Peer 1: 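I have a structure here, written as structure tokens, and I will follow up with some questions on it.
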Amino acid sequence: MRLAAWTVVFLLPVAVFAGRFLAYRSFGGKGFIEALVMLPLVLPPTVFGFYLLLAFGANSPLGQFWTSMFGQQLVFSFQGLVLASVIFNLPFAILPAQRGFEAVPVDVREAASCCGMSPMRSLWRVELPLAWPGLLTAMVLTFAHTLGEFGIVLMVGGSIPGETKTIAIAIYDRVQTFDDQGAATMSAVLVAISLFTIAVTFWLSSRVGRRLS
Amino acid sequence: MALEIMAKATTPIPLDLAFRVEAGELLALVGHSGSGKTTLLRTIAGLWRPEAARVQVNGRTWLDTAAGVDLPTHQRRVGVVFQHYALFPHMTAAQNVASAIDHLSGSAKQLESERLLELVNLSGLGPRKPSQLSGGEQQRVAVARSLARRPEALLLDEPFSAVDRSTREKLHAEVIALRAHLAMPVVLVTHDMNEAQLLADRMVVIDGGRMVAEGSTGAVMSNPEALHAMGIREAAAMLVATVDRHDADGMTRLITGAGPLWLPKVEAAPGARVRVRIMAHEVMLARSRPEGLSAQNILPARIVDLQPGDGPAVLIRLALGEDEILARVTRRAVAALNLAAGDQVHAILKSMSIARDHINAG
């Protein structure tokens with residue numbers, strides 16, 4: 001839960017700016033960037049987790065930088081897990097955000113600047129309110145997907161209680177120790193949370209849709 | 001306060017022209033789609049950057065590619081009415097207008113927004129969302145919003161093309177009435193010659209990114225180059241007339257410099273001045289005053305000059321008292337009647353040939 005929340009917090013600004021950039025600009029190599037963003041969607045979590053583990057490890061430049069800055073390891077820490085989670089959730093956040101910004105008509109954006117709004121003001125007053133359904137979907141998908149993520153969390157985070165243990169891994173541990181009752185309860189909770197967040201998203205976005213049409 | 005623009009480009013469409021619009025003047029940029037007129041408007045607003053261009057408004061340089069000056073759109077004091085209005089759908093009409101007011105705040109801003117909505121005859125509709133407004137009402141909100149910044153240049157991009165004909169007539173009349181409040185240069189982009197002739201002081205005709213004709217609307221309408229670009233069937237003249245009386249059979253009598261003109265009911269009170277657009281191909285000529293003719297309007301006229309075209313037609317300028325109209329007849333008819341400049345003739349005009357949206361207050 002904590003991991004999911006932090007992932008959403010870090011990923012939201014990334015999604016807003018990357019989604020907006022990808023939605024408005026066309027440039028050489030845009031297809032490649034989009035493919036790169038999609039990569040976590042198709043790679044097996046073990047492959048992705050393996051590369052992240054290499055990148056975060058104590059021998060990697062990133063890992064060494066982190067250790068010198070904060071005096072602790074990046075792998076098997078909560079911070080490392082958040083970073084990994086942010087990266088593997090990129091497609092779930094950026095794609096809906098991109099669709100959201102693409103839904104803002106070009107002439108409406110142009111009208112905003114013709115009304116004297118600076119780009120930041122236009123983003124705040126016009127684009128965000130109109131791209132809101134896409135951003136909401138991005139946040140909910142990220143949240144729900146992080147709750148359910150298993151493979152990468154296990155690879156990068158290990159399963160340290162209180163530090164890098166997620167619900168999905170806790171369920172796995174319960175099943176391993178034949179604690180079917182505990183696994184069942186936790187699974188039901190996860191299903192309920194997922195269902196609730198997705199239902200709320202649909203309800204909110206249909207309300208926004210009605211407001212705009 | 002005046003607007004000067006020079007623009008040169010090769011892509012996406014060729015562009016090579018320059019013109020100037022004076023303060024308070026309404027200039028119509030006329031041309032077919034793809035002629036470059038909207039691109040020019042976008043250049044003024046800063047939404048498009050041609051390869052070489054200079055835009056100066058009110059003595060300030062907005063864009064000068066040679067000097068490396070390029071103000072972003074939000075720093076150019078410009079008002080734009082977009083073809084599809086581009087209202088902010090999540091804001092009310094009043095919020096749309098207020099969003100462009102940056103020189104006031106708080107309740108003063110709200111008052112100014114209400115004043116602007118009143119100016120476009122929308123008082124009371126401020127709390128509505130754009131989706132709850134008709135096309136004509138949305139267009140008026142867009143006009144109010146474009147004026148909210150106190151723009152130094154007002155740009156109208158085919159603002160009447162997305163509404164039905166009767167709404168368009170009303171909006172035309174409103175723009176004519178609004179002109180008194182507009183001290184800045186106004187550029188209207190349109191492909192509708194009627195609209196340009198009704199609303200504009202001056203016209204620039206563009207074809208393939210080049211200026212083919214420029215001048216007062218009357219002069220442009222009899223300019224062969226302009227007619228070549230716009231299509232000869234657009235040849236027409238504006239006749240200024242005063243409403244005399246409405247008859248019970250649905251006809252209205254107008255007074256022109258050359259005599260009375262009968263038209264189907266004109267929506268204006270007796271004494272009002274109207275401008276009537278008379279299409280050149282609707283005008284017939286006769287050497288002597290014809291008898292037993294169904295046409296209601298037979299006006300004495302003098303031939304000013306004759307301009308043979310490429311095809312079988314000749315465009316003839318006629319003086320009707322103080323005014324001039326155009327007639328387009330065949331070469332064959334010119335030869336048969338032996339028409340020459342300076343001749344006295346009778347111009348014949350069917351009442352029913354005047355379209356309703358070709359009559360406007362003004």
Side-chain angles (χ1 to χ4, degrees), chain A residues 12 16-17 19-21 23-28 30 96-139 201-213, chain B residues 38 41-48 62 71-92 95-104 109 113 116 129-132 138 141-159 162:
Chain A
L12 185 61
V16 166
F17 287 100
R20 187 174 184 235
F21 184 78
Y24 296 168
R25 303 291 179 85
S26 65
F27 50 89
K30 181 176 174 178
Q98 185 182 345
R99 298 292 166 265
F101 281 109
E102 278 169 358
V104 183
V106 179
D107 61 349
V108 168
R109 283 194 277 126
E110 289 178 346
S113 55
C114 290
C115 286
M117 294 186 203
S118 64
M120 272 318 282
R121 196 171 160 76
S122 163
L123 173 68
W124 194 247
R125 293 283 313 272
V126 175
E127 294 163 45
L128 280 182
L130 293 177
W132 173 238
L135 291 172
L136 190 70
T137 310
M139 286 189 288
T201 321
F202 282 140
W203 178 70
L204 277 178
S205 54
S206 78
R207 236 175 54 123
V208 171
R210 262 208 309 282
R211 193 160 59 100
L212 294 184
S213 65
Chain B
T38 294
L41 208 68
R42 294 173 62 80
T43 304
I44 300 172
L47 300 169
W48 174 254
W62 283 2
L71 282 187
T73 300
H74 67 275
Q75 287 175 14
R76 303 183 183 194
R77 291 209 80 80
V78 68
V80 183
V81 177
F82 290 82
Q83 191 170 1
H84 301 288
Y85 320 136
L87 296 178
F88 307 130
H90 58 297
M91 297 184 193
T92 64
Q95 285 168 339
N96 262 280
V97 177
S99 73
I101 302 174
D102 49 12
H103 57 282
L104 299 170
K109 194 174 192 164
S113 157
L116 285 161
K129 290 274 175 69
S131 56
Q132 297 165 310
Q138 289 182 28
V141 176
V143 170
R145 186 178 67 176
S146 73
L147 294 173
R149 272 184 95 184
R150 299 210 216 152
E152 291 174 349
L154 184 64
L155 311 175
L156 314 171
D157 186 9
E158 306 236 4

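Here the structure is a predicted model, which means the values were calculated and not measured. Naming convention: chains lettered A, B, ... in sequence-line order (proteins, then strands); numbering from 1 in each chain.
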Peer 1: Working to the nearest 0.5 Å, report the span between CZ of B:Arg145 and SG of A:Cys115.
Peer 2: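 Atom-to-atom, B:Arg145:CZ and A:Cys115:SG are 4.0 Å apart.
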Peer 1: What's the spacing between A:Met117 CE and B:Thr73 OG1 if we round to 0.5 Å?
Peer 2: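 With rounding to 0.5 Å, CE (A:Met117) is 13.0 Å from OG1 (B:Thr73).
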Peer 1: Please look at B:Leu87 and chain A and tell me whether the side chain, the backbone, both or neither of the residue comes under 4.5 angstrom of a heavy atom of that chain.
Peer 2: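 B:Leu87 touches chain A through backbone heavy atoms alone.
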Peer 1: Can you give me the closest heavy-atom contact between B:Ala86 and A:Ala111, atom names plus distance?
Peer 2: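 For B:Ala86 versus A:Ala111, the nearest heavy atoms are O-CB, 3.6 Å.
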Peer 1: Return the minimal non-hydrogen interatomic distance between B:His74 and A:Pro119, and the atom names on each side.
Peer 2: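 Reported closest heavy-atom pair: CE1-CD, 3.5 Å.
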Peer 1: As an exercise, state the distance from CG of B:Leu47 to CZ of A:Arg109, rounded to the nearest 0.5 Å.
Peer 2: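 One finds 10.5 Å between CG of B:Leu47 and CZ of A:Arg109.
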Peer 1: Taking all heavy atoms of A:Arg125 and all of B:Ser99, pick out the closest pair and write down the distance.
Peer 2: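 Distance-wise, the nearest heavy atoms are NH2-CB, 3.9 Å.
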Peer 1: Search all heavy atoms of A:Leu130 against all heavy atoms of B:His90 and return the closest pair with its distance.
Peer 2: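 Between these two residues, the closest heavy atoms are CD2-ND1, 3.5 Å.
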Peer 1: Tell me, for B:Arg77 versus chain A, whether the close heavy atoms (under 4.5 Å) come from the side chain, the backbone, both or neither.
Peer 2: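 No part of B:Arg77 comes within 4.5 Å of chain A.
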Peer 1: For residues A:Val126 and B:Met91, determine if any side-chain heavy atom of one lies less than 4.5 Å from a side-chain heavy atom of the other.
Peer 2: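 The answer is yes; the side chains approach within 4.5 Å.
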Peer 1: Do B:Phe88 and A:Pro129 have side chains that approach each other closer than 4.5 Å (heavy atoms only, starting at C-beta)?
Peer 2: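 Of all side-chain heavy-atom pairs linking A:Pro129 with B:Phe88, none is under 4.5 Å.
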